[in-house]
Amino acid sequence: MNKKTATPVDPDKNMSLFWKDNSRKFLLFISFISIVLGVHGYWKVLGFSLTNFNILDLLYCTAQIFLLEANLDATTVVPLELSIARVLAPLSLGFAAWETVAVLFKEQLSLSSLKNHVIICGLGERGFELAKGYIKANHKVLVVEADAENDLISSCKAHGALVMIGDATEGVVLRKARLKYARSLYAISGDDGNNFEIGAKVSRELGKITTGKIPTVNCYIAANNVLLSDISPYSQMFRDTSKSGSTRIVRINDLAARKLFQDYPLDRKIILPSDTTIIHLIIVGFGSMGESVLLQAVRIGHFANGSKLKISVFDQDASRKVKLLIQTISGLSQCATIDYYDVNFDSYEFGEKISLLIANSSFVPYIVFCLNNTMLSVSLALRLRTITYDKTIPFYLRLNDNSGLSVILNKIDTTENKQKGDLLNIHGFGLVKETCSPDVFEDWTLDILAKALFDNYKKRQHGLKIQNEAWLQKSFDKIDTTHRDHFRQEADHLPVKLRACGYKITNLKESSDTKRIRKFSPDEVMILAKMEHNRYCAELWISGWKFDSTYSNILRTTPDLVSWQTLTKSEQQNRYELLQDIPSVLESLELAICKNS
């Protein structure tokens with residue numbers, strides 16, 4: 001699923017880079033040849049005599065041919081050397097003049113021809129890492145930054161990005177950035193309000209285009225506030241994506257949380273339907289990152305035994321923060337058991353309480369440090385490691401910078417240390433360079449799987465009344481954000497479902513026939529269907545839906561928010577058939593389901 005393809009070589013770009021690296025040498029060489037041939041040619045014209053002419057006179061005459069002044073009458077027989085020099089000299093001067101103009105007006109000339117480029121609005125650390133990622137992937141990048149004194153501008157230019165100084169909330173700046181020709185735009189400044197203003201302006205600017213080819217520009221709006229990530233169903237800016245591309249609200253911390261659980265799954269041990277195991281997520285520090293970790297865990301923490309996640313939050317102001325979040329997303333209490341503890345991290349009680357929670361054999365602990373202070377996280381983790389009885393319990397630390405702590409942590413967890421039993425088992429996550437990359441932001445792999453699930457869903461609805469719903473008449477990239485996110489979340493949870501049956505997703509060509517699963521057993525399909533129903537209910541609860549016997553998109557009520565046993569037989573059968581199709585859906589993407597080795 002995560003296999004990366006090699007970036008194709010662009011011959012035109014290679015030639016451009018070769019000329020850029022060698023143009024000055026070439027011009028110097030042509031100029032030198034012109035001077036040598038010119039001096040030798042004038043020497044012949046003047047009769048090989050320096051009685052009346054010295055070498056400076058010859059050089060002066062040669063210099064004049066650069067300006068197309070040979071000072072020769074019509075009867076003079078021009079030697080071949082001088083004829084060649086009279087052509088090469090002005091050409092070399094013309095090339096030099098062009099190079100000078102190109103340097104002086106590089107950005108203006110480059111802007112005038114920009115197409116299929118990436119626009120990044122806001123040059124902070126996140127914007128800078130995103131720009132580097134796209135440049136590395138051979139994409140043209142234009143950064144729009146309001147602060148002309150930004151220290152990152154020179155570094156950004158050095159990496160090959162164009163930088164425009166201006167306010168991206170102004171239409172004239174977006175038009176100058178050739179918005180209608182761009183492939184995507186990122187509003188990624190540190191201010192949520194500014195980012196949404198940019199998104200609204202982008203929508204209005206693209207909406208003005210009514211003639212010619214309608215542009216398709218994907219707009220990504222970075223947000224920190226948990227409420228802002230859920231406004232898309234209500235905003236006109238997000239409703240009609242059929243004309244000008246899609247607009248997606250992205251919480252950067254959500255990307256980090258998702259990558260954390262991809263790299264280090266909550267269910268690090270297989271949870272069978274008969275298990276009484278409960279995953280216990282312990283979050284230390286409950287700011288924006290802590291919220292993202294909690295929400296992502298609730299989205300994907302649905303296992304074969306049907307047990308709810310247990311979540312414990314430790315923060316100096318945990319009770320207020322957690323209560324506020326539950327008040328904001330009331331459905332959270334339906335998805336997980338959430339406890340909170342107001343603690344001083346320097347206190348004895350903090351370490352004692354976590355030690356007691358870890359010691360409970362009914363739970364499988366998963367401990368995440370989400371503090372803004374990296375050094376405090378490290379010191380707390382090392383302190384807790386010394387007092388916990390089970391050294392195999394992993395700790396996950398949010399790392400705010402590239403200070404090298406992630407390298408140090410990885411170096412400690414070596415094979416040699418594991419053999420000695422000295423495993424520290426502390427892992428870093430959330431580095432900007434890992435989360436603010438094109439692969440993580442766009443995540444085409446997830447979208448490809450989500451699209452395949454959507455297409456299969458459409459096929460399965462053939463003949464049912466739901467087929468008449470307007471959104472099902474569209475292609476995946478044209479449906480509204482809410483439905484796209486549904487299939488993305490379903491795709492995101494698929495590895496969790498497969499792990500419950502002892503399976504994983506691999507490349508079809510690399511899969512072994514003996515381990516490949518072409519069809520689920522009826523019992524396996526039932527396990528997967530129940531897990532998907534629980535996940536879907538959590539998705540609805542988090543999105544603000546409530547139970548009612550009648551469905552209403554306006555009131556956000558649905559009869560689906562019930563247990564699997566209470567679900568109607570027709571709905572159970574519908575989910576059963578959709579999960580039954582998973583092997584063939586993956587095979588259509590050249591993927592396979594194989595047994596875990």
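Note that the structure is a prediction, hence the values are computed from the model and not measured.
- Put simply, the side chain of Leu255 does not reach to within 4.5 Å of the side chain of Arg258, judged on heavy atoms.
- Considering CG of Leu371 and CE of Met289, their distance stands at 11.5 Å, rounded to 0.5 Å.
- In this structure Phe345 satisfies the ring pair (Phe, Tyr, Trp, His ring centres under 6.0 Å) test together with Phe350, sequence neighbours excluded.
- Across every non-hydrogen atom of Ala297 and Leu309, the tightest pair is O-CD1, 3.2 Å.
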Self-check item: Verdict with reasoning, Phe303 to Arg499, per side chain to side chain contact (heavy atoms under 4.5 Å, CB included)
Solution: CA-CA 9 Å; Phe303 310 108; Arg499 283 196 294 269; over 6 Å; no

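- Taking every heavy atom of both residues into account, Gly133 and Pro438 meet most closely at C-CG, 3.6 Å.
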Exercise. Please assess Val343 against Asp315 for the test side chain to side chain contact (heavy atoms under 4.5 Å, CB included), listing each intermediate value before the final yes or no.
Key: CA-CA 6 Å; Val343 294; Asp315 192 272; over 6 Å; no

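- The minimum heavy-atom distance linking Asp317 with Asp342 is given by the pair C-OD1, 3.4 Å.
- With 3.5 Å as the limit, one finds no donor-acceptor pair spanning the side chains of Gln489 and Tyr536.
- The pair Glu577-Arg460 meets the salt-bridge criterion, with a side-chain N (NZ, NE, NH1 or NH2) lying under 4.0 Å from an Asp/Glu carboxylate O.
- When each of Asn224, Asp254, Asn253 is tested with Ser292 by the rule side-chain hydrogen bond (donor to acceptor under 3.5 Å, both in side chains), just one qualifies, namely Asp254.
- Closest non-hydrogen pair, Asp560 versus His533, comes out as O-CE1, 3.4 Å.
- A distance of 6.0 Å or more separates the ring centres of Tyr264 and Tyr366.
- Asn425 places none of its side-chain heavy atoms less than 4.5 Å from the side chain of Phe395.
- Proximity of Glu490 to Arg535: side-chain heavy atoms (C-beta onward) are separated by under 4.5 Å at one or more points.
- Counting only residues at least two apart or on different chains, no salt bridge (Lys or Arg N to Asp or Glu O under 4.0 Å) pair has a member in residues 368-381.
- A donor-acceptor contact closer than 3.5 angstrom links the side chains of Ser307 and Asn305.
- Taking the charged nitrogens against the carboxylate oxygens, Lys310 and Asp339 do have a contact shorter than 4.0 Å, which makes a salt bridge.
- Salt bridge status for Lys451 with Asp477: absent, with no side-chain N to carboxylate O gap under 4.0 Å.
- Judged by distance alone, with hydrogens and angles left aside, the side-chain atoms of Ser543 form no donor-acceptor pair with the main-chain N or O of Leu540 at under 3.5 Å.
- With hydrogens and angles ignored, the 3.5 Å screen pairs no side-chain donor or acceptor of Ser330 with any backbone N or O of Gln327.
- No donor-acceptor pair under 3.5 Å is formed between the side chain of Asn195 and the backbone N or O of Ile221.
- At a threshold of 4.0 Å, the pair Arg251-Glu291 counts as salt-bridged, since one of the basic side-chain nitrogens sits closer than that to a carboxylate oxygen.
- Between Phe487 and Tyr457, the gap from one ring centroid to the other is short of 6.0 Å.
- Rounding to the nearest 0.5 angstrom, the gap separating the CZ atom in Arg556 from the CG atom in Asp548 is 15.0 Å.
- For the pair Ile354/Thr388, no side-chain contact is recorded, criterion being any heavy-atom separation below 4.5 Å from C-beta on.
- When the shell of 6.0 Å around CD of Gln565 is examined, it contains more than 12 heavy atoms from other residues, nucleotides or ligands.
- Counting heavy atoms from C-beta on, the side chains of Val293 and Leu281 come closer than 4.5 Å.
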Practice problem: Take Asp455 and Lys458 through the salt bridge (Lys or Arg N to Asp or Glu O under 4.0 Å) test and state the conclusion after the steps. | Solution: CA-CA 5 Å; Asp455 291 340; Lys458 285 178 66 175; 5.4 Å; no

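- Side-chain contact check for Tyr134 and Glu442: at least one donor-acceptor pair (N or O, by modelled atom type) lies under 3.5 Å.
- Leu152 is not listed as a side-chain neighbour of Val143, based on a closest heavy-atom distance of 4.5 Å or more.
- For the residue pair Asp581 / Asn456, a side-chain donor-acceptor distance below 3.5 Å is found, with atom types taken as modelled.
- Between Pro365 and Ile393, the shortest heavy-atom contact is CG-CD1, 3.5 Å.
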Practice problem: Could you walk me through whether Ser189 and Asp191 pass the side-chain hydrogen bond (donor to acceptor under 3.5 Å, both in side chains) test, one step at a time? | Solution: CA-CA 6 Å; Ser189 71; Asp191 186 307; 5.8 Å; no

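- Judged by distance alone, the side chain of Asn360 and the main-chain N or O of Leu357 form no donor-acceptor pair under 3.5 Å.
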Exercise. Decide side chain to side chain contact (heavy atoms under 4.5 Å, CB included) for Val432 and Ile252; before the verdict, give the C-alpha distance in whole Å, the side-chain angles of both, and the deciding distance to 0.1 Å.
Key: CA-CA 9 Å; Val432 173; Ile252 306 296; over 6 Å; no

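- For the residue pair Glu532 and His493, no side-chain donor N or O sits within less than 3.5 Å of a side-chain acceptor on the partner.
- No side-chain donor-acceptor contact under 3.5 Å links Ser184 to the backbone of Val217.
- Of the candidates Ile270, Val364, Asp267, Val364 is the only one forming a side-chain contact (heavy atoms from CB on, under 4.5 Å) with Thr277.
- A 6.0 Å sphere centred on NZ of Lys132 holds more than 12 heavy atoms belonging to other residues, nucleotides or ligands.
- Each of Ile120, Thr435, Ile188 was compared with Arg126 under the side-chain contact (heavy atoms from CB on, under 4.5 Å) criterion, and only Ile188 meets it.
- Residues passing the side chain to side chain donor-acceptor pair (under 3.5 Å) test with His483, sequence neighbours excluded: Trp471, Asp480.
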Self-check item: salt bridge (Lys or Arg N to Asp or Glu O under 4.0 Å) between Asp447 and Arg484, intermediate numbers included
Solution: CA-CA 9 Å; Asp447 273 2; Arg484 270 205 311 270; over 6 Å; no

Exercise. Begin from the C-alpha positions of Cys501 and Leu528 and carry the test side chain to side chain contact (heavy atoms under 4.5 Å, CB included) through to its verdict.
Key: CA-CA 9 Å; Cys501 299; Leu528 299 177; 4.0 Å; yes

Self-check item: Candidate pair Lys259 and Asp263, rule salt bridge (Lys or Arg N to Asp or Glu O under 4.0 Å), full reasoning
Solution: CA-CA 6 Å; Lys259 193 170 190 309; Asp263 296 342; 2.9 Å; yes

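- Residues Trp541 and Val298 fail the side-chain proximity criterion, which asks for heavy atoms closer than 4.5 Å.
- For the atom pair Asp443 CG and Asp492 CG, the distance stands at 8.0 Å (nearest 0.5 Å).
- Side chain to side chain, Ser377 and Thr374 fail the donor-acceptor criterion of an N or O pair below 3.5 Å.
- In this structure, CD in Gln334 is found 8.5 Å from CG in Leu561, a value given to the nearest 0.5 Å.
- Nearest heavy atoms, Lys201 versus Thr169: CE-O, 3.2 Å.
- The distance between the ring centers of Tyr396 and Phe369 does not fall below 6.0 angstrom.
- For the pair Trp564 and Arg575, the minimum side-chain heavy-atom distance is below 4.5 Å.
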